[in-house]
Amino acid sequence: MSKKNISQHSASNEGKQISKIDRRWIFLFILLGVSIPLLIPFGFEIEVTPNVKMVYDLVNSAHPGDRILLSFDYDPASKPEIQPAAEAMIQHAIDKDLKIVAIALWPMGVSLMNEIYEKKSDNLNYGVNFINLGYTAGGMVAIQSMGRNFIDVFPRDANGDDVRNFDIMRDVRNFNDFSFVASFSSGTPGMREWIMVAGDSYGLPVTGSTTAVSTPGFLPYINEQRQLIGLIGGLKAAAEYEKLVGIPGTATAGMDAQSIAHLIIIIFIIIGNVAWYLNKHKSKKEA
Amino acid sequence: MTDFWTVLGIWIGALATLSIWSFLYKDNPFYKFAEQIFVGVSAAYWFIFTIYNVLIPNLFDKLITDFNSNWLLLIPGLLGIMMLMKIFPKYDWLGKYPIALMIGTTAGLSLVRFLETDVINQIIATMINPLNSGSAVVAFGQVILIVGTISGLVYFYFSKKHEGFTGGVAKTGIIFLMVSFGAAFGFTAMARISLLIGRLQFLLGDWLGLLR
């Protein structure tokens with residue numbers, strides 16, 4: 001066997017061995033790649049992207065005392081990705097002295113909203129600059145009804161009290177009484193329904209946060225028509241928002257782990273492709 | 001001091017997480033147990049939640065407190081009962097009517113909304129003049145947007161064979177589609193890692209107290 005043939009033979013064997021690697025090794029690498037940076041943070045720099053800056057600017061453009069609508073359209077399965085964005089936006093709204101009307105199109109959104117309220121309760125005065133109106137069924141139809149008469153959909157808050165008794169709700173009629181709506185969304189009903197009804201039909205500016213999986217589907221709505229004003233897509237974007245607000249939270253803490261995990265995935269993709277190429281090369285030779 | 005129930009909840013959450021993760025090594029009784037518990041608890045939770053947060057406030061409360069103003073709610077109530085008839089084979093035909101009504105209404109509402117949001121407004125958003133953008137970077141992005149939209153649409157135009165000029169444009173469309181699939185895959189990988197980070201923050205922080 002010539003020297004060239006020997007080197008090709010050993011390379012194709014390596015390719016075969018690599019392609020047979022037990023996937024559990026990959027799981028272990030990912031686990032370590034995520035755990036170690038959480039325990040020993042490296043402090044990688046976080047760059048703010050234009051879409052997140054648009055969301056920040058929209059909240060910033062509201063005047064003190066303006067009323068904003070936050071819709072919690074997700075459940076605990078998406079909590080790690082969306083909750084940090086919701087927390088950061090509520091903190092931003094508190095800093096700007098905005099009035100927060102919180103609702104949920106997903107049943108579990110109510111308890112996730114309450115978690116944030118309990119954390120921030122020192123700066124939130126219930127009924128004055130914050131109210132939790134709870135969950136409403138109906139999705140798109142419910143949003144349409146809110147556009148006609150908001151109180152018809154939410155006559156009572158999550159505790160069962162008449163919303164007319166609270167300062168924050170006293171003169172609310174429809175979407176015209178809100179500066180914008182932010183949907184924290186991980187599916188249907190969620191951000192798409194808000195864009196379709198509140199944005200495109202009633203002209204209320206729509207923004208918010210989605211899971212990273214859904215993000216590519218929402219990017220086309222950020223356009224000249226301003227169907228969607230910015231987007232906090234996934235944990236990385238939530239970390240960017242935390243940076244803008246100036247209060248690092250769980251998203252920022254997870255960014256080192258996210259970067260290292262991505263690096264590991266990239267390395268394995270390269271290894272996988274090299275193995276595929278070597279195997280293909282060998283098959284061709286054998287043929 | 002953290003109360004007993006909070007600590008218990010954290011321990012149950014941690015052990016359930018580890019049981020589910022154990023499937024990554026191989027299928028085992030811990031995984032099966034956690035999976036069955038999850039399915040059972042979810043079903044029970046949704047059942048109770050729907051009764052207390054949907055049926056009682058939206059139907060029963062309104063009918064009991066002010067029947068005269070809300071008697072029309074008897075119709076959706078009746079439709080709901082008809083839908084439940086699906087569980088009795090003899091009367092399952094009754095369930096077809098509320099389902100037909102739901103599908104018809106949803107399709108009618110969605111058609112108008114999707115047409116406005118996903119067709120008309122999206123087309124208008126593509127009708128842009130890059131020469132008026134004011135900056136070279138924005139203009140370049142807008143040109144990419146126009147070329148990507150048109151070539152992507154040409155790829156899905158099947159009434160003309162993809163050869164010659166049409167074939168070239170369709171091939172350009174494939175490149176844009178591949179880039180969008182790659183971006184979607186990247187976002188998906190990012191989302192899964194984010195969920196893992198969330199669970200590890202819970203295990204290392206809330207459970208073991210190792211995170212600052």
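Letters A, B, ... mirror the listed sequences (proteins, then strands); counts begin at 1.
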Considering only heavy atoms and a distance below 4.5 Å, find which of A:Gly234, A:Ser214, A:Ser35 pairs most often with chain B.
A:Ser35

Side-chain heavy atoms of B:Arg113 within contact of A:Glu193, under 4.5 Å
no

I need the residue from B:Leu24, B:Thr188, B:Val54 with the largest number of non-hydrogen atom pairs under 4.5 Å to chain A.
B:Leu24

So for A:Ala253, is it side chain, backbone, both, or neither that comes closer than 4.5 Å to the heavy atoms of chain B?
both

Sort A:Leu39 into side chain, backbone, both or neither according to what part of it lies under 4.5 angstrom from a heavy atom of chain B.
both

Pick from A:Gln83, A:Arg226, A:Met108: which one has the most heavy-atom pairs with chain B under 4.5 Å?
A:Met108

Tell me, do B:Ile193 and A:Ile30 make a side-chain contact under 4.5 Å, heavy atoms counted?
yes

Closest non-hydrogen contact found for A:Leu38 with B:Leu211 is O-CD2, 3.3 Å

Scan side-chain atoms only and decide if A:Arg192 and B:Thr117 contain a donor-acceptor pair under the 3.5 Å cut-off.
no

Chain A shares the most heavy-atom pairs under 4.5 Å, among B:Asn53, B:Thr126, B:Ile124, B:Leu210, with B:Ile124

Residue part contacting chain A, namely of B:Leu200, when any heavy atom lies under 4.5 Å
both

Does a side chain donor of either B:Gln122 or A:Gln227 reach within less than 3.5 Å of an acceptor in the other side chain?
yes

Atom pair CG (A:Leu219) and OG (B:Ser180), whose distance is rounded to the nearest 0.5 Å
11.0 Å

Should the heavy atoms of other residues, nucleotides or ligands under 6.0 Å from CZ of A:Phe42 be counted, would the total exceed 12?
yes

What's the shortest heavy-atom distance between A:Ala212 and B:Phe187, and which atoms?
O-CB, 3.2 Å

To the nearest 0.5 Å, how far apart are CD in B:Glu116 and CE in A:Met196?
9.5 Å

Whatever's closer than 4.5 Å to a heavy atom in chain A on B:Tyr45 counts as side chain

Find out whether B:Ser194 and A:Lys236 are in side-chain contact, i.e. whether some heavy atom of one side chain is under 4.5 Å from a heavy atom of the other.
no

Are the side chain of A:Glu81 and the backbone of B:Leu195 linked by a donor-acceptor contact shorter than 3.5 Å?
no

What is the minimum heavy-atom distance between A:Glu224 and B:Ala125, and which atoms define it?
CG-O, 4.3 Å

Which portion of A:Thr215 sits near chain B, non-hydrogen atoms under 4.5 angstrom
side chain

Are A:Tyr135 and B:Phe49 close enough that their ring centers fall under 6.0 Å?
yes

Is there a side-chain contact (heavy atoms from CB on, under 4.5 Å) between B:Tyr25 and A:Leu28? Walk through the geometry before answering.
CA-CA 10 Å; B:Tyr25 184 71; A:Leu28 184 66; over 6 Å; no

Under 4.5 Å from any heavy atom of chain A, what part of B:Ile197 do you find: side chain, backbone, both or neither?
both

Looking at side-chain heavy atoms only, is the closest gap between B:Asn121 and A:Tyr221 below 4.5 Å?
no

Could you check if a side-chain atom of B:Phe202 sits within less than 4.5 angstrom of a side-chain atom of A:Pro80, using non-hydrogen atoms only?
no

How about CZ on B:Phe158, more than 12 heavy atoms from neighbouring residues, nucleotides or ligands closer than 6.0 Å, or not?
yes

Of the listed residues (A:Ala137, A:Pro41, A:Ala257, A:Pro107), which shares the most heavy-atom pairs with chain B below a 4.5 Å separation?
A:Pro107

Checking A:Val110 against chain B: side chain, backbone, both or neither under 4.5 Å from a heavy atom?
neither

Grab the two heavy atoms, one from A:Met140 and one from B:Ser110, that are nearest each other, plus how far apart they are.
CE-OG, 4.3 Å

Segment of B:Leu204 engaging chain A (4.5 angstrom heavy-atom cut-off)
side chain

Side chain, backbone, both or neither: which part of A:Gln144 has a non-hydrogen atom closer than 4.5 Å to chain B?
side chain

Top of A:Asn223, A:Leu235, A:Val213, A:Asp200 for chain B proximity - count of heavy-atom pairs under 4.5 angstrom:
A:Asp200

Please rank B:Asp61, B:Leu203, B:Leu196 by heavy-atom pairs under 4.5 Å with chain A and give me the top one.
B:Leu196

Taking every non-hydrogen pair under 4.5 Å, which of A:Gly233, A:Ala251, A:Ser201 racks up the most with chain B?
A:Ser201

